[in-house]
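Contents: one structure, followed by commentary.
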Amino acid sequence: MLPQSFYLRDDVVAVSRDLLGKVLCTDIDGRRTSMVITETEAYAGVTDKASHAYGDRRTRRTEPMYGPGGTAYVYLCYGIHHLFNVVTNASGIPHAILVRAGEPYSGLPTMLERRGKPRADRSLLAGPGSVARALGITTSLTGSSLLGGPIRIEDHGLRVEAACISAGPRVGVDYAGEDAGRPYRFRLESDAWVSSALSTDSSS
DNA sequence: CGAATGATATACT
DNA sequence: GTATATCATTCGA
């Protein structure tokens with residue numbers, strides 16, 4: 001599995017890019033599931049207006065983000081969706097990476113069962129809420145370590161070419177001013193298993 | 001395109 | 001301590 005030094009780097013965007021192609025494994029409910037990470041989004045804490053930690057807002061909720069790199073930050077959004085984030089950087093710096101999409105790697109039947117799907121389709125692991133649900137990740141796992149806990153990230157030797165990585169600004173960050181142009185989102189272009197919810201802005 | 005859904009943050013008594 | 005607005009989304013019409 002990835003060493004803690006992988007997460008402790010101070011460039012959350014670089015870590016975010018490096019997470020592509022890594023395998024996210026969970027041992028939950030006595031069953032093991034895993035997927036290849038195909039889409040991530042960096043949240044540069046204090047700098048990012050979309051982050052819960054923007055403006056250095058430290059609360060009980062965001063506490064895991066202030067922990068050391070290699071910590072899981074899971075949070076319930078819209079009352080239904082569990083969003084899984086990887087905390088990076090040293091303690092006290094609330095950087096995190098949201099895993100937005102993945103490709104099934106192992107434990108497919110379990111993932112299908114959790115998602116209530118008869119067979120795999122693109123939507124199985126497309127979107128942060130779907131990813132967490134398929135892997136069985138819930139908010140009870142927030143603050144747990146990625147270095148030996150029920151959630152782990154491993155390097156299975158999958159090589160990702162830089163040319164296959166699409167980096168772009170996140171959607172809906174017009175208000176972020178100079179931060180709007182920052183490539184916070186990364187995904188594997190050549191992969192069919194990326195999130196389809198890329199068109200957040202519906203200005204037609 | 002619009003509703004669902006519940007914990008958290010913030011403000012107020 | 002109680003109340004209301006907010007939300008890094010998803011699914012169904």
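Remember, predicted model here, so these are calculated numbers, not experimental data. We name chains A, B, ... by the order of the sequence lines, and we start the count at 1 in each one. Keep in mind that the numbers below use all heavy atoms, side chains included, and drop hydrogens, waters and symmetry copies.
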Is a side-chain donor-acceptor pair under 3.5 Å present for A/T33 with A/T26?
-> yes

From CG of A/L76 across to P of B/dA9 the rounded distance in Å is 13 Å

When every non-hydrogen atom of A/P64 is compared with those of A/A72, the smallest separation belongs to CB-O, 4.0 Å

Carboxylate-amine/guanidinium contact A/D121 A/K117, below 4.0 Å | yes

Geometric cation-pi criterion, A/R9 with A/Y7: 6.0 Å, 45° = no

Between C/dA8 atom P and A/H95 atom NE2, what is the distance in whole Å?
-> 17 Å

Using residues 128-135 of chain A as the side-chain source, report each donor-acceptor pair under 3.5 Å to any protein atom, sequence neighbours left out, with the distance given to one decimal.
residue	atom	partner	partner atom	Å
A/S130	OG	A/R115	NH2	3.4
A/S130	OG	A/A126	O	3.3
A/R133	NE	A/R114	O	3.4

Charged N-O contact under 4.0 Å between A/E154 and A/R32 | yes

To the nearest Å, how far apart are A/Y43 OH and C/dC7 P?
-> 12 Å

Identify the pairs formed between an N or O of the protein and an N or O of nucleotides 11-13 of chain C at a distance under 3.5 Å, and give each distance.
residue	atom	partner	partner atom	Å
C/dC11	OP1	A/R115	NH1	3.1
C/dC11	OP1	A/R115	NH2	3.3

In whole Å, what is the span from the CG atom of A/L83 to the C1' atom of B/dA7?
-> 13 Å

Closest nucleotide among C/dA8, B/dA9, C/dT9 to the A/R61 side chain | B/dA9

Measure from CG on A/N85 to P on C/dC7 and round the result to the nearest Å.
-> 17 Å

A/I80 has its side chain closest, among B/dT5, C/dA8, B/dT8, to B/dT5

From NE2 of A/H52 across to P of C/dA8 the rounded distance in Å is 5 Å

Secondary-structure stems, DNA chain B, at least 3 Watson-Crick or G-U base pairs under 3.5 Å = B:1-4 with C:9-12, B:6-12 with C:1-7

Please list, chain by chain and in numerical order, all residues satisfying side chain to side chain contact (heavy atoms under 4.5 Å, CB included) with A/Q4, sequence neighbours excluded.
-> A/L8, A/P68, A/L147

Calculate the interatomic distance between A/D121 atom CG and C/dT10 atom P; express it in whole Å.
-> 14 Å

Whole angstrom is fine here: how far is it from OH in A/Y78 over to C1' in B/dA4?
-> 11 Å

Among the nucleotides C/dT10, C/dA8, B/dA7, which one has an atom lying closest to any side-chain atom of A/Y73?
-> C/dA8

Taking B/dA4, B/dT8, B/dT10 as options, the one with an atom nearest any side-chain atom of A/R57 is B/dT10

Heavy atoms under 4.0 Å, any strand shown: does A/Y54 hit a base, just sugar-phosphate, or nothing?
-> nothing

A/R152: what forms a side-chain hydrogen bond (donor to acceptor under 3.5 Å, both in side chains) with it, not counting sequence neighbours?
-> A/D27

Hits for ring-ring contact (aromatic ring centres under 6.0 Å, His included) against A/H52, two or more places apart or cross-chain, chain-then-number order -> A/Y75

